[in-house]
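Okay, so here's the structure we're looking at.
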Amino acid sequence: MEENKEMTYTEAVTELEQIVQKMQDPQCSIDNLSDYTKRSKELLDICRNKLTAADEQLKQILATIQQ
């Protein structure tokens, strides 16, 4: 994935699901767990930020409707 392209929520969730599958695989190397965990945290941060931004936008929209 391009470094300067902003990842979408769906892309982040999809990659998280792929990481979970890799970590659940009995053949998963213990040497990869640290990298998988680090990347998972990055992806979770992306998801959290996207959800927070969407929540704020929805609150603003609802506030204008209720006026």
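I46 and L44 fall within a single hydrophobic cluster, where Ile, Leu, Val, Met, Phe, Trp and Tyr side chains are chained together by heavy-atom contacts under 4.5 Å. Linking Ile, Leu, Val, Met, Phe, Trp and Tyr whenever their side-chain heavy atoms come within less than 4.5 Å puts L43 and L33 in one cluster.
K22 contributes atom NZ, which lies 9.5 Å from atom SG of C28 (distance to the nearest 0.5 angstrom).
For the pair D45 and K41, the salt-bridge criterion is met [side-chain N within less than 4.0 Å of a carboxylate O]. Using a cut-off of 4.0 Å between Lys/Arg side-chain N and Asp/Glu carboxylate O, K50 and E11 are scored as not salt-bridged.
When side chains are defined from C-beta on, Q18 counts as touching T14, because their heavy atoms get closer than 4.5 Å.
For the residue pair S40 and I19, the shortest heavy atom distance occurs at OG-CG2, 3.4 Å.
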